[in-house]
Amino acid sequence: MTIGNVAIIGAGTMGSGIAHVCAASGINIVILDISEEALQRGFSAISDSLDRSIKKQKLTADAKREILGRINVTTRYSDIAGVDLAIEAASENEALKLRLLKEIETVVSAKAIIATNTSSISITKLAGSTRLPERVIGTHFFNPVPLMALVELIRGLQTSDETQERVEAFVKEIGKSSIVAKNSPGFAVNRILCPMINEAVFALQEGLATPEDIDNGMKLGANHPIGPLALADLIGLDTMLAVLDVFYHGFNDPKYRPAPLLREMVDAGYLGRKNGRGFYQYD
């Protein structure tokens, strides 16, 4: 069964990025959010991203119109009833995701797949809140979605082989590559990545080196394309803290304790690129 119509629940950075790549691959999209303002911001983000591709001569104006023409927006759950795949792309908040999954399953068909875009929350627990947990799967897209090649697929204990196979085919159709991970805090990629970023924050907190030297050291010495502190700013320091808290409580292991400096920066409202100030300042 091919996936021809997709709903994205959440028009933020991740939701609009997922909608962008799906529409660019010829798939019809419905973006659902709670307000017209949020939907307009998401749609404008997609349009602006396409304009950058036009300026780089990677896209034509006609192609942009075709892509945007595949995207519809709505505030009503009834408008996503006929989709083959619904991707929940809200912020990294377990209670919110549980509520949205219940809303989604009340309107989509029993054959529709329900995916949740999460970087750390238990897929088994999220799936267990639904009537048909075998059709629920984790789809961890990476930011910025149009540029990042990977989608990490996470199976809950209940996820069926058919669900995984259909989503693997979908990921390939939108031009991405997938890896499959078992359900565990952080899954595969963030299990490795986030403790490294956290250790960089500890190093900065202890005065070991400046943010610039920490990042340049990892770029030039470990061949990373971006330093860990700059990457934390890109991810969002609030998101980083939420993921590390999931690790800390999920594994009950002090090695995952978030750096106090990270928590203090979030308390101060220094969240990274999303609001102009994190470990670096942004225009």
Side-chain angles (χ1 to χ4, degrees), residues 4-80 82-83 85-93 96-97 100 103-104 115-119 139-149 151 170 173-176 226 230-239 269-278 280-283:
N5 296 282
V6 175
I8 312 293
I9 293 78
T13 299
M14 298 306 297
S16 61
I18 297 167
H20 176 164
V21 298
C22 290
S25 301
I27 296 172
N28 294 318
I29 298 296
V30 179
I31 307 176
L32 186 153
D33 212 312
I34 59 174
S35 70
E36 295 291 346
E37 292 79 10
L39 291 167
Q40 184 56 51
R41 286 194 300 270
F43 193 84
S44 296
I46 297 170
S47 180
D48 292 345
S49 179
L50 294 172
D51 283 339
R52 289 192 290 272
S53 294
I54 292 173
K55 289 181 180 179
K56 296 176 182 178
Q57 298 183 330
K58 296 181 178 180
L59 193 74
T60 65
D62 286 343
K64 175 188 172 181
R65 282 191 291 272
E66 289 178 6
I67 292 169
L68 293 180
R70 298 189 189 103
I71 301 174
N72 293 303
V73 298
T74 186
T75 58
R76 300 176 300 186
Y77 276 89
S78 58
D79 289 336
I80 70 171
V83 300
L85 169 65
I87 304 175
E88 173 276 310
S91 57
E92 197 75 353
N93 180 294
L96 174 60
K97 288 181 180 294
L100 292 178
E103 294 273 10
I104 294 166
T116 176
N117 183 66
T118 177
S119 57
T139 51
H140 178 202
F141 286 81
F142 291 78
N143 184 35
V145 180
L147 299 181
M148 301 298 284
V151 180
F170 161 74
E173 184 177 353
I174 63 173
K176 304 294 184 184
I226 184 172
L231 181 55
D233 279 353
L234 179 61
I235 293 168
L237 303 193
D238 51 342
T239 300
Y270 302 160
L271 306 183
R273 285 183 177 269
K274 67 176 69 178
N275 69 349
R277 181 170 181 177
Y280 300 93
Q281 293 199 33
Y282 304 90
D283 294 332

Determine all donor-acceptor pairs shorter than 3.5 Å in which one atom belongs to a side chain in residues 16-38; sequence neighbours excluded.
unit_1: S16; atom_1: OG; unit_2: G12; atom_2: O; d: 2.8
unit_1: S16; atom_1: OG; unit_2: T13; atom_2: O; d: 3.3
unit_1: S25; atom_1: OG; unit_2: V21; atom_2: O; d: 2.9
unit_1: D33; atom_1: OD2; unit_2: A11; atom_2: N; d: 2.8
unit_1: S35; atom_1: OG; unit_2: A38; atom_2: N; d: 3.1

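- A donor and an acceptor atom, one from each side chain of E92 and T239, are nowhere located under 3.5 Å apart.
- Nearest heavy-atom pair, T74 versus R76, reported as atom, atom and distance to 0.1 Å: OG1-N, 3.0 Å.
- Rounding to the nearest 0.5 Å places OG1 of T116 at 10.0 Å from CD1 of I9.
- Side chain of K274 to backbone of D233: no donor-acceptor contact under 3.5 angstrom is found.
- A donor-acceptor contact shorter than 3.5 Å links the side chain of S44 to the backbone of Q40.
- Pairing each heavy atom of N117 with each of A89, the nearest pair is CB-CA, 4.2 Å.
- Annotation: side chain of I87 is in contact with side chain of F170 (closest heavy-atom distance under 4.5 Å).
- Pairing each heavy atom of E88 with each of K97, the nearest pair is OE2-NZ, 2.7 Å.
- Between V151 and F142 the shortest side-chain heavy-atom distance does not fall below 4.5 Å.
- Closest of all the heavy-atom pairs between M14 and N143 is SD-CB, 3.7 Å.
- Distance check, rounded to the nearest 0.5 Å: CD1 of I174 to CZ of F141 gives 4.0 Å.
- The shortest heavy-atom contact between V6 and I8 is CG1-CD1, 3.8 Å.
- The line from CG of L231 to CD1 of I235 is 4.0 Å long, rounded to the nearest 0.5 Å.
- Residues V145 and M148 have side chains not in contact (no heavy-atom distance under 4.5 Å, counting atoms from C-beta outward).
- In this structure, CG on N275 lies 8.5 Å from CG on L237, to the nearest 0.5 angstrom.
- Taking 4.5 Å as the limit, every side-chain heavy atom of D48 sits out of range of all side-chain heavy atoms of F43.
- Listed by chain and number, the residues in a side chain to side chain contact (heavy atoms under 4.5 Å, CB included) with Y270 are M265, A268, R277 (sequence neighbours excluded).
- Side chains of K64 and S53: a donor-acceptor N/O pair is absent below 3.5 angstrom, by distance only.
- Note that the CG atom of L100 and the CG atom of N93 stand 9.5 Å from one another [nearest 0.5 Å].
- Residues P144 and L147 are in side-chain contact: their nearest non-hydrogen atoms beyond the backbone lie under 4.5 Å apart.
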